[in-house]
Each structure stands twice: as structure tokens, then as C-alpha cells.
Amino acid sequence: MPELPEVEVTRRSFADRIAGATVRAARLGKPLRWPLGVAPEALVGQRVRSVGRRGKYLLVEMDRGWLLVHLGMSGSLQFAPALPPPGPHDHFELDTSQGLLRLHDPRRFGAVVCVPSLDHARAVQLLGGLGVEPLEAGFDPVRFHQALRQRRAPIKQVLLAGDIVVGVGNIYASEALFSAGIRPTTRADRISGPRAARLHAAIVQVLQRALAVGGSTLRDFVSADGQSGYFQLDTMVYDRAGQPCRRCATAIRTIRQGQRSTYFCPLCQAR
DNA sequence: AAGCTGTCCTGAAAGC
DNA sequence: TGCTTTCAGGACAGCT
């Protein structure tokens, strides 16, 4: 499932190639998570200025607004001069002078939303509540600790909420907590400064490593077949229930937190 | 305000 | 073998 590293790799794979292109047509498939918000024809004639990213949203900057693209959990993008006819799971297409951008999303948790330049409220609604970017300078260990001290919920769920730091999904939350030696059920406000600093470093390291791996395994994520693109994850705890911890050989345990699976090592993550 | 729960969707895997 | 059930995931609405 696309988490921050996959989204960033996707962005890099087509941002330069689509920049400057003029939209010739836009097509919708079955409904996605949210409606597009405008008639597809409203995009025709606009040029693509750039492709940025905020959290797990891709921000396609157009002449008169932004296209916010979210890959949900099963979405992927392709951008190529030409593509085969759309299949039953291709739910958005942007035909441009430089190629065809296509969203393939079998489970339709993804979304493409057009936010006109003037609709500031809509932009705030979609992006306003997001936390800091974990791979940018604003993600600071001291401020991270201060933010955690305001929260009584289990640290795993606080990370997932995304309002302190974005981009840490279910997989990387478990992985980062293992790396920092913190039990996922620990109340966020009970984590000391030094331990928060360790978690901060673990989040950065886990995401950066995934991004580096993605750079090699996902080089043609967008332009190629779209099937083999997902990360081949080599995890320490995620999806390893009952298997021996790679550090101490204790059996990895799984629990449910907020209807989501959490994995941890009971020995390496004692508290 | 913060923190719960339910909801959306569909393919894969497990269970009967 | 074939049918039914469960599970996975991100993020929001609507509660308490």
C-alpha cells in the first residue's frame, strides 16, 4: 500500500515529464473516495505547472488550481505517451500534450480532487489538519516530544493520526516503534524526552530507507506495468506474528489498536 | 479538545 | 470444490 515513500517515488517518476503539459481531456471512471469537485471539462486547456507532495497527497499544480491525488491503499499512477485502453479499475485519466496520466485503483480508497485557486476553504479542509513533513527540517525532536506530551492515546495511534507528523502509516508505525524500542500501547504523554528523540530518529531512518529502496525497486513505478511496483518490504515486525524477532528471537506478537493490526517484540519493546 | 467507532471498497486468503 | 466470511488499509464523519 502506498505510504509516504511510495507516493514520493511516484511523484519523482513523472513530475518533470508532465510539467508544462496542456490538458487535452479528462475522464472519470467509477466514483472514488471523494468527487472531483468540478466537471472534467473544466480542466481542459489548463497547463500542468508542477507536481508537489504534502503527506500522502500529490499536488498537481494547474493554471487555475490544484489536483489533489491520493493513492488510498491500492492506487497507482502511470504516465506514458500512450497507454492501452483503460480497464475496469482505471478511474481517472488526464490526457495531456506530453502523455496520459492514469490512476489505477481497484479498491477505490484513492481520490482525485480539483481545488480551484480561489477555494481556500477546501484546501484547508483537505490539508489543513496535517502534521509536519517527517523528512523536512520542521520535524524536530524537541517539538515532537512537546507534541506527544499533549496526547494520552497510545503512541501507535497518535503516529497514525497524522496530525503531529504525516506519512507514518500502519507498516512504518510498527517498524519505527520497534526500532526505537517503544511498546505501541505506551501512552504518548508518558514517553520521555530521550525516548521521543529516539522515536523521532527511527521515523526518519525508516522512511528514508524505504525511499532509498523505492528509488531502485520503483524506478519505473509509473511508466511501467504498474503491477510490480510495490515495495518488497523487508520488515522487522510488520506481518511477522509468531515469527522470531530478528534481534532477540522472541516471538513477535500482534494486537488490535483502533481496528488496525499492530506488531511488536515483547522483549525488545518492553515498555 | 481529544479520542473513540463506524464507514467506504474489493481482492485475497482463510474457514466451513 | 465451491461458497461464505474475514481481513487489509487511510482518513473522514459523527459521536462522547
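Chain letters run A, B, ... following the sequence lines, proteins first and then strands; every chain starts at 1.
- Residues satisfying the salt bridge (charged side-chain N to carboxylate O under 4.0 Å, His left out) criterion with A:Arg122, sequence neighbours excluded, are absent altogether.
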Using nucleotides 12-15 of chain C, report all nitrogen or oxygen pairs with the protein that are shorter than 3.5 Å.
{"unit_1": "C:dC12", "atom_1": "OP1", "unit_2": "A:Tyr57", "atom_2": "OH", "d": "3.4"}
{"unit_1": "C:dC12", "atom_1": "O4'", "unit_2": "A:Arg33", "atom_2": "NH2", "d": "3.3"}

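- Spacing between atom CG of A:Leu160 and atom C1' of B:dG3 amounts to 14 Å, rounded to whole angstrom units.
- Residues satisfying the salt bridge (charged side-chain N to carboxylate O under 4.0 Å, His left out) test with A:Arg54, not counting sequence neighbours, are A:Glu133.
- Rounding to whole angstrom units, CZ of residue A:Arg108 and C1' of C:dG10 are separated by 16 Å.
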Both atom distances under 3.5 Å, Watson-Crick or G-U wobble: I'd like the secondary structure of DNA chain B as a dot-bracket string, with | for pairs made across strands.
.|||||||||||||||
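- If you check every strand for non-hydrogen atoms under 4.0 Å, A:Arg256 touches sugar and phosphate atoms only.
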Review item, nucleotides 11-14 of chain B N/O atoms under 3.5 Å of protein N/O:
{"unit_1": "B:dG11", "atom_1": "OP1", "unit_2": "A:His89", "atom_2": "NE2", "d": "3.0"}

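- Atom CD of A:Gln259 is separated from atom P of B:dG3 by 16 Å (rounded to the nearest Å).
- Residue A:Ile255 contributes atom CD1, which lies 17 Å from atom C1' of C:dC7 at whole-angstrom precision.
- For DNA chain B, the neighbouring residues in residues 147-155 of chain A, judged by any heavy atom under 4.0 Å, are A:Arg151, A:Arg152, A:Ala153.
- Rounded to whole Å, atom C1' of C:dA11 lies 13 Å from atom CD of A:Glu3.
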